[in-house]
Amino acid sequence: MIIMSDVSYKAGEPISGDGPQERDKGMLMLLCSFVMQMCHSYQRRKNDQNMPYGIHPQAVAINTLPFLRRKLDNEMARIAGLFHDIIEDCSIEEVAQCAQYWNNHFPYLAIQPHKGWGVETYLVAMLERALEYTGYPKKVATKVIAAVNELTVPKIQPGLYEDKAGRKKWESSYDRMSTLSPIALMSIWADKTFNLRSPIPGRDPAKEMTKYGRYFDSIITTLEERGHKTPPLPDDIKQAVELYRQTKD
């Protein structure tokens, strides 16, 4: 038998107090993970049609490359990893549905959407509420979503590329990596690590490894030019980089 208490609370207020008095990174990541899982809930991975798409951004958040001294930057990179495909791959209907579930299940964190909101606006609103509730400054939200926008690659960019082949070449290039923020670089590293380890059936393994090696090589070059020491590389990433560098010689 479940005994219900007579305690009531208003929408927009937590059940107990005003949220954590100190930063609660665990709760922040849980809230962000909820947003990601809801936005991608009906999508599946190309390498396995039975795999929920959310497995990918979850792994990206886990494997972000932490090379900065500031803990907050590393935490922001993990959130960007969770959100990195939402702006590019999710419809406004999917994100609006996420916001509805957010309001239903976390009324003390409810947001009030307005007509004309886009995917980015919804993300900023939910992330700001999550940050405030867990003891972080809400201004962090705009920095995280700016990094997500850096990770979002348009299908066409006149002057840079006009087709899919050109897009893929530019996407992994040093020219692109050298302009990205540290948070975006950390997330791309983890994104391509997951893809390298989750090959799509039917594709040539050597070509795929070489393709991802170009990403890693571009990021390594960028980090070294900025004064960051490259950490020891796992064997598969090391092999990918070596394969790509052989094609350059």
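Keep in mind the model is a prediction, meaning the values are calculated, not measured.
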J.: Is Leu109 close to Leu31 at the side-chain level, that is, under 4.5 Å between some pair of heavy atoms?
T.: yes

J.: Does Val60 belong to the same Ile/Leu/Val/Met/Phe/Trp/Tyr cluster as Leu180, with side-chain heavy atoms less than 4.5 Å apart forming each link?
T.: no

J.: Testing the basics here: between Val95 and Cys90, what is the closest heavy-atom pair and its distance to 0.1 Å?
T.: CG2-CB, 4.0 Å

J.: Check this for me, if you would: do Arg129 and Glu132 make a salt bridge, where the nitrogen-to-carboxylate-oxygen distance has to be below 4.0 angstrom?
T.: yes

J.: Do Val241 and Tyr212 have side chains that get closer than 4.5 Å, going by heavy atoms?
T.: no

J.: Below 6.0 angstrom between ring centroids: does that apply to Phe34 and Tyr101?
T.: no

J.: Check whether Ser173 reaches the backbone of Trp170 with its side chain - one donor and one acceptor, N or O, closer than 3.5 Å.
T.: yes

J.: Do other residues, nucleotides or ligands put more than 12 heavy atoms under 6.0 Å from the CG atom of Asp204?
T.: yes

J.: From Met36 CE over to Ile79 CD1, what is the distance, rounded to the nearest 0.5 angstrom?
T.: 12.0 Å

J.: So which pairs with a foot in residues 186-196 pass side chain to side chain donor-acceptor pair (under 3.5 Å), sequence neighbours left out?
T.: Arg45-Asn195, His56-Asp191

J.: Are any non-hydrogen side-chain atoms of Asn63 and Phe194 less than 4.5 angstrom apart?
T.: no

J.: Hey, are Glu150 and Ser181 close enough side-chain-wise for a donor-acceptor pair under 3.5 Å?
T.: yes

J.: Considering only heavy atoms from C-beta outward, does the side chain of Ile188 approach that of Ile219 to under 4.5 Å?
T.: yes

J.: Please confirm whether the backbone N or O of Ser178 pairs with a side-chain atom of Arg226, one donor and one acceptor, at under 3.5 Å?
T.: yes

J.: Can you name the closest pair of heavy atoms from Gln97 and Ser41 and give their distance?
T.: NE2-OG, 4.3 Å

J.: Within the structure provided, determine whether Pro52 and Gln43 are in side-chain contact (heavy-atom separation under 4.5 Å).
T.: no

J.: Which pair of heavy atoms, one from Phe83 and one from Val148, lies closest together, and at what distance?
T.: O-CG1, 3.6 Å

J.: Can you confirm whether Met126 sits close enough to Ile111 that some side-chain heavy atom of one is under 4.5 Å from a side-chain heavy atom of the other?
T.: yes

J.: Distance only, no hydrogens: is a donor on one side chain within 3.5 Å (strictly under) of an acceptor on the other, for Gln58 and Tyr53?
T.: no

J.: Nearest 0.5 Å, please: how far is CD1 in Ile145 from CD1 in Ile87?
T.: 5.5 Å

J.: For the backbone of Ser172 and the side chain of Ser218, can you confirm whether one donor and one acceptor N or O come within less than 3.5 Å of each other?
T.: yes

J.: Where is the tightest heavy-atom contact between Pro154 and Thr152, given as atom of each residue plus distance?
T.: CD-O, 3.5 Å

J.: Using the rule that two of Ile, Leu, Val, Met, Phe, Trp, Tyr join whenever any of their side-chain heavy atoms come within less than 4.5 Å, decide whether Ile62 and Met186 are in one cluster.
T.: no

J.: Return yes if some donor-acceptor pair links the side-chain N/O of Asp236 with the main-chain N/O of Leu196 below 3.5 Å, else return no.
T.: no

J.: Under the criterion side-chain contact (heavy atoms from CB on, under 4.5 Å), I'd like the reasoning laid out for Arg176 against Val153: C-alpha separation, chi angles, the key distance, then a yes or no.
T.: CA-CA 11 Å; Arg176 178 191 178 213; Val153 182; 3.6 Å; yes

J.: Can you name the closest pair of heavy atoms from Leu131 and Pro137 and give their distance?
T.: CD1-O, 3.9 Å

J.: Taking side chain as C-beta onward, heavy atoms only, is Val144 less than 4.5 Å from Ile183?
T.: no

J.: Is there a path of hydrophobic side-chain contacts, each under 4.5 Å between heavy atoms, that joins Tyr174 and Phe216?
T.: no

J.: According to a 4.5 Å side-chain heavy-atom criterion applied to Ile, Leu, Val, Met, Phe, Trp and Tyr, with indirect links allowed, do Ile92 and Val35 form part of one hydrophobic cluster?
T.: yes

J.: Set out, in order, the CA-CA distance, both residues' side-chain angles and the distance that settles side-chain contact (heavy atoms from CB on, under 4.5 Å) for Thr134 and Arg23, then state yes or no.
T.: CA-CA 5 Å; Thr134 55; Arg23 288 182 178 179; over 6 Å; no

J.: Quick check for you: to the nearest 0.5 Å, what is the distance between Met209 atom CE and Arg203 atom CZ?
T.: 14.5 Å

J.: Can you run down the salt bridge (Lys or Arg N to Asp or Glu O under 4.0 Å) pairs that involve residues 82-95, sequence neighbours left out, and say none if there aren't any?
T.: Glu88-Arg167

J.: So Lys25 and Tyr136, do their side chains get closer than 4.5 Å, heavy atoms only?
T.: yes

J.: Taking ring-ring contact (aromatic ring centres under 6.0 Å, His included) as the test, write out the residues that go with Trp117, two or more places apart.
T.: His114, Tyr122

J.: Are Lys169 and Tyr161 close enough, and set up right, to give a side-chain contact (heavy atoms from CB on, under 4.5 Å), and what steps lead you there?
T.: CA-CA 9 Å; Lys169 185 175 181 180; Tyr161 54 84; over 6 Å; no

J.: Calculate, to the nearest 0.5 Å, the distance between atoms CD1 and OG belonging to Ile55 and Ser198 respectively.
T.: 10.0 Å

J.: Can you tell me how far the NZ atom of Lys168 sits from the OH atom of Tyr215, to the nearest 0.5 Å?
T.: 5.5 Å

J.: May I have the step-by-step check of side-chain hydrogen bond (donor to acceptor under 3.5 Å, both in side chains) for Tyr244 and Gln239, ending in yes or no?
T.: CA-CA 9 Å; Tyr244 168 67; Gln239 183 181 357; over 6 Å; no

J.: Going from CG on Leu123 to OG1 on Thr142, what distance comes out if it is rounded to the nearest 0.5 angstrom?
T.: 13.0 Å

J.: If you measure from the Lys or Arg side-chain nitrogens to the Asp or Glu carboxylate oxygens, is any gap between Glu242 and Arg245 under 4.0 Å?
T.: no

J.: Which heavy atom of Ala77 sits nearest a heavy atom of Thr64, and at what distance?
T.: O-CG2, 3.6 Å

J.: Would you please test Arg214 and Asp217 for side-chain contact (heavy atoms from CB on, under 4.5 Å) and show each step?
T.: CA-CA 5 Å; Arg214 187 170 193 247; Asp217 182 69; 5.7 Å; no

J.: For Gln49, I'd like to know if atom CD has over 12 heavy atoms of other residues, nucleotides or ligands within 6.0 Å.
T.: yes

